[in-house]
Amino acid sequence: MAEPFYITTPIYYVNDVPHIGHAYTSLACDAFARFQRLDGKDVRLLTGTDEHGQKVEKAAHDRGEDPQAYTDRVSGRFRHLADAMGFAHDDFIRTTEPRHKDAVQALWRRLVERGEIYLGKYAGWYAVRDEAFYAEDEIQDGRAIASGAPVAWVEEPSYFFRLSAWGGRLLAFYETNPSFVGPESRFNEVRRFVEGGLNDLSVSRTTFGWGVHVPDDPDHVVYVWLDALTNYISALGYPDEGGLYARFWPADVHVVGKDILRFHAVYWPAFLMAAGLEPPKRVFAHGWWTNEGRKISKSLGNVIDPFALVAEFGLDPTRYFLLREVPFGNDGDYSRDAMVRRTNSDLANDYGNLAQRSLSMIAKNLGGAVPEPGPFTEGDDALLARAADLPDEVRRHMAVQAPHLALEAIWAVIADANRYVDAQAPWKLRKTDPARMATVLYVLAETVRNLAILTQPFMPGGSAKLLDQLAVPDDARGFDRLGAAGRLKPGTPLPAPRGVFPRFVEAPAGEGA
RNA sequence: GGCGGAGUAGCUCAGUCGGUAGAGCAGGGGAAUCAUAAUCCCUGUGUCGGGGGUUCAAGUCCCUCCUCCGCUACCA
């Protein structure tokens with residue numbers, strides 16, 4: 001049976017309008033998932049929406065809408081994003097679904113049974129607008145310094161999770177799982193945070209009602225993080241610990257934005273260990289995008305709309321750019337220049353043109369069928385060997401969420417292949433040594449086949465078109481067909497080649513704005 | 001404030017156990033003409049943030065200063 005691979009995006013807060021950050025997280029997960037699928041794993045990719053909390057309750061109320069009707073409506077925006085970006089998730093969890101609420105309550109009961117949750121009292125300065133408590137030194141003149149939101153002294157009964165008791169065990173867990181958090185620098189921050197000592201965590205609220213009710217105490221609603229994080233196992237059928245849960249838990253990796261790393265790397269493993277469940281294997285935190293060098297903010301009005309990006313540049317270029325331009329884990333800058341450069345230079349010139357020049361020579365000179373190769377020369381073998389060595393290198397990078405390095409490695413072979421074309425000059429061989437020309441073109445077609453199989457997780461559209469043009473059947477596109485196992489059959493008729501990664505040309509300026 | 005990270009070619013960055021620096025892109029020159037005017041080759045004398053120190057030798061270790069960034073608990 002295939003090895004399981006479970007990967008998750010965070011669940012997105014349904015009140016948000018989908019932006020580049022959501023698209024980026026999901027896109028990376030989609031690429032990782034596609035990669036593992038092609039590599040023969042039994043993959044499960046989960047995404048979804050977080051639909052509870054005071055803000056949602058208020059937003060619905062302001063619109064005179066029932067909260068459930070409201071979330072039903074707005075959670076659709078995230079499904080549309082998934083469709084537009086071509087995300088191939090296996091499940092979409094919503095925290096308002098019965099299966100999720102059941103799981104949260106089951107987990108809660110288990111934590112209570114184990115003495116990990118107790119009833120106490122939460123008191124502090126609370127800002128309704130921010131849905132947050134503030135410390136004395138964070139407020140001034142009755143307002144939160146950071147946000148300016150008015151605060152009021154609030155005391156409410158609250159259930160607490162004994163997080164303070166888990167510091168030592170978390171550190172021990174980090175110690176024995178040195179790859180638990182990536183990138184490494186983030187792991188250091190997490191360790192430092194835990195070493196500083198942990199307080200018990202308030203895990204219920206009585207100030208609003210839109211959430212999962214605490215079992216046997218319906219005045220309380222389970223606080224956001226205990227609710228939200230549980231999605232990763234509720235989607236696997238928890239509390240049923242057989243079935244999907246048995247197969248896919250613990251998750252291979254939770255991919256998150258850097259802003260929510262702590263919840264995933266500290267609270268979540270603590271919750272799970274406290275419940276006697278296994279923590280995930282790894283959490284990877286990626287960075288944020290800036291726009292033309294400037295921080296993205298709603299007030300600046302410079303948000304990057306993923307739908308618009310795809311509409312203008314196309315899905316493959318958008319995916320390629322986001323995964324290639326910046327080391328995954330770092331912050332990155334989007335610029336139109338860089339986007340056009342990657343589209344034209346990398347995709348159209350290097351990759352697309354390599355395929356096009358190879359395939360069109362086959363079409364024009366060899367009757368549009370896979371050439372019959374003669375004996376391979378050293379140069380032929382060298383290029384084929386480069387392609388054959390690629391999968392392991394790419395695997396190494398993808399295993400640690402480094403798609404930029406994976407792509408860089410692939411492009412190194414693309415560059416080799418272009419050099420090979422120039423060195424062999426098949427257009428000259430056409431007159432001097434047609435048999436040799438056929439061999440060269442065979443080596444090229446075979447190299448493009450390997451490249452196209454490997455680029456499927458990143459650019460599913462163009463890669464599929466390339467494989468179509470090489471007449472590679474749908475069931476022969478997995479990584480098990482890389483290298484010698486899947487060699488093209490000489491004589492196989494090929495469809496007429498067409499460019500798959502077109503250059504981006506700016507629309508002529510002048511009219512309109 | 002505390003803790004951590006970073007400051008290397010115009011831009012983005014690599015630089016393992018210390019031996020006077022590299023890649024990609026951009027720029028300049030040339031070749032070729034199969035191809036999406038794409039490709040290939042050649043071309044980088046940079047005070048390696050400033051200062052001091054250790055060493056035969058430091059971008060690479062130590063000290064110090066400057067600048068930038070991240071984390072510093074219950075908003076996704």
Side-chain angles (χ1 to χ4, degrees), chain A residues 10-16 21-22 49-56 122 124 127 129-135 144 146-147 149 158 160-161 163-164 183-186 188-203 205 223-226 228 256-263 266-267 287 325-327 330-333 335 337-338 341-342 344-365 404 408 411-412 414-415 417-430 437 440-441 444 497-505:
Chain A
I11 46 175
Y12 302 119
Y13 202 54
V14 80
N15 242 23
D16 290 342
H22 302 113
T49 42
D50 179 7
E51 312 191 351
H52 288 139
Q54 196 167 22
K55 284 185 188 171
V56 171
Y122 199 99
R129 202 173 85 193
D130 298 339
E131 231 179 288
F133 280 90
Y134 290 95
S147 67
S158 170
F160 283 84
F161 171 71
L163 184 63
S164 61
E184 193 61 40
S185 59
R186 295 284 167 202
N188 291 335
E189 288 176 4
V190 168
R191 283 201 199 87
R192 215 62 74 175
F193 176 80
V194 175
E195 283 166 4
L198 298 170
N199 297 327
D200 286 351
L201 189 69
S202 168
V203 287
R205 286 286 184 276
Y223 188 53
V224 284
W225 281 108
L226 183 51
V256 301
K258 62 183 183 180
D259 57 327
I260 56 173
L261 174 62
R262 190 200 312 138
F263 306 103
V266 179
Y267 301 170
E325 181 70 4
V326 167
N330 290 8
D331 286 348
D333 182 47
S335 78
D337 270 3
R341 202 180 316 123
R342 300 243 80 127
N344 289 348
S345 178
D346 295 9
L347 283 179
N349 298 354
D350 291 345
Y351 189 23
N353 186 52
L354 168 68
Q356 184 65 12
R357 67 199 302 208
S358 304
L359 291 170
S360 76
M361 276 187 279
I362 291 174
K364 287 178 185 166
N365 303 309
H404 59 294
E408 195 175 285
W411 253 256
I414 290 173
N418 271 320
R419 272 188 284 276
Y420 172 87
V421 182
D422 282 281
Q424 301 297 329
W427 50 92
K428 285 180 185 160
L429 294 171
R430 182 178 48 160
M437 176 191 72
V440 167
L441 293 178
L444 281 169
R498 288 195 329 261
V500 296
F501 297 114
R503 290 180 63 79
F504 177 82
V505 181

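Quick note on labels: first sequence line is chain A, next is B, and so on, each numbered from 1. From a predicted model like this one, the values you see are computed outputs, not experimental measurements. For the numbers below, each heavy atom of this structure counts, side chains included, while hydrogens, waters and symmetry mates do not.
The residue among A:Arg192 and A:Pro502 whose nearest nucleotide of RNA chain B lies closer to the 5′ end is A:Arg192. Positionally, the nearest nucleotide of RNA chain B for A:Ser360 lies more toward the 5' end than for the other of A:Asn199 and A:Ser360.
In this structure a side-chain-to-backbone donor-acceptor pair under 3.5 Å is missing from A:Asn353 to A:Ala348. In this structure a side-chain-to-backbone donor-acceptor pair under 3.5 Å is present from A:Tyr13 to A:His52.
Cation-pi geometry between A:Arg342 and A:Phe504 is not satisfied (NZ or CZ under 6.0 Å from the ring centre, within 45° of the ring normal).
Straight-line distance from the CE atom of A:Met361 to the P atom of B:A32: 17 Å, rounded to whole Å. Going from atom NZ of A:Lys55 over to atom C1' of B:C74 covers 13 Å, rounded to whole Å. Distance A:Leu226 CG to B:C74 C1': 12 Å, rounded to the nearest Å. Across the protein-nucleic acid pair, A:Asp346 atom CG and B:A38 atom C1' stand 13 Å apart, rounded to whole Å. When rounded to the nearest whole Å, the span between CD of A:Glu189 and C1' of B:G2 equals 14 Å. Rounded to whole Å, atom P of B:C40 lies 7 Å from atom CG of A:Asp350. The distance between atom NZ of A:Lys428 and atom C1' of B:A31, rounded to the nearest whole Å, is 9 Å. B:A76 atom C1' lies 9 Å from atom CZ of A:Phe263, rounded to whole Å.
Among the protein residues, A:Phe501 comes within range of the nucleic acid bases, having at least one heavy atom under 4.0 Å from a base atom. Note on A:Leu198: a base of the nucleic acid sits closer than 4.0 angstrom, heavy atoms only. Nucleic acid contact class of A:Val203 (heavy atoms, under 4.0 Å, all strands): none. Heavy atoms of A:Gly197 sit under 4.0 angstrom from at least one base atom.
The listed nucleotides are B:A35, B:C74, B:A76; the one nearest the side chain of A:Val224 is B:A76. Nearest to the side chain of A:Arg430, among B:U36, B:C34, B:C74, sits B:C34. Among the nucleotides B:C74, B:U39, B:A73, the one closest to the side chain of A:Leu201 is B:C74. Set against B:C71, B:A73, B:C41, the side chain of A:Arg186 has B:C71 as its closest nucleotide.
Checked against a 6.0 Å centroid threshold, the rings of A:Trp225 and A:Tyr267 do not count as neighbours.
Here B:G1 sits opposite B:U72 as a Watson-Crick or G-U wobble pair (both hydrogen-bonding atom distances under 3.5 Å). Nucleotide B:A6: paired with B:U67 (Watson-Crick or G-U wobble, both distances less than 3.5 Å). For B:U12, the paired base is B:A23 (Watson-Crick or G-U wobble, both distances below 3.5 Å).
Rounded to whole Å, the separation between the C1' atoms of B:G46 and B:A9 comes to 5 Å. Distance check on atom C1': B:C75 versus B:C13 gives 34 Å, rounded to whole Å. One P atom belongs to B:C3, the other to B:C63, and the distance between them is 14 Å to the nearest Å. Across the C1' atoms, B:C56 and B:U16 are found 23 Å apart, a figure rounded to whole Å. Remark: the separation of the P atoms in B:U39 and B:C48 is 35 Å, to the nearest Å. Using atom P as the reference point in both B:G22 and B:C42, the two lie 15 Å apart (nearest Å). The same atom, C1', is picked in B:G15 and in B:A23; the two are 10 Å apart, to the nearest Å. Using atom P as the reference point in both B:C68 and B:G52, the two lie 24 Å apart (nearest Å).
For the OP1/OP2 pair of B:A38 and a distance below 4.0 Å, the side-chain nitrogens and oxygens of A:Arg503 include at least one atom meeting the criterion. Remark: A:Arg357 is not in phosphate contact with B:U39, judged by side-chain N or O atoms under 4.0 Å from OP1 or OP2. Phosphate proximity of B:A35 to A:Lys364: present, with a side-chain N or O under 4.0 Å from OP1 or OP2. Here A:Trp225 reaches the OP1 or OP2 of B:A76: one of its side-chain N or O atoms lies under 4.0 Å away.
Relative ring orientation between A:Tyr12 and A:His22 is described as perpendicular, the plane-to-plane angle rising above 60° on a 0-90° scale split at 30° and 60°.
A salt bridge is defined here as a Lys NZ or Arg NE, NH1 or NH2 lying under 4.0 Å from an Asp or Glu carboxylate O, and A:Arg186 with A:Glu189 meets this definition.
Judged by atom type and distance alone, A:Tyr13 does not reach the base of B:C75 through any side-chain donor-acceptor pair under 3.5 Å. At a cut-off of 3.5 angstrom, counting only N and O atoms as typed in the model, there is no donor on one side facing an acceptor on the other between the side-chain of A:Asn349 and the base of B:A38.
One distance of note links CH2 of A:Trp411 with CD1 of A:Ile414; it measures 4.0 Å at 0.5 Å rounding.
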**OP:** Begin with the C-alpha distance, continue with both residues' side-chain angles, and end with the deciding distance and a verdict on side chain to side chain contact (heavy atoms under 4.5 Å, CB included) for A:Leu226 and A:Phe161.
**Re:** CA-CA 10 Å; A:Leu226 183 51; A:Phe161 171 71; over 6 Å; no
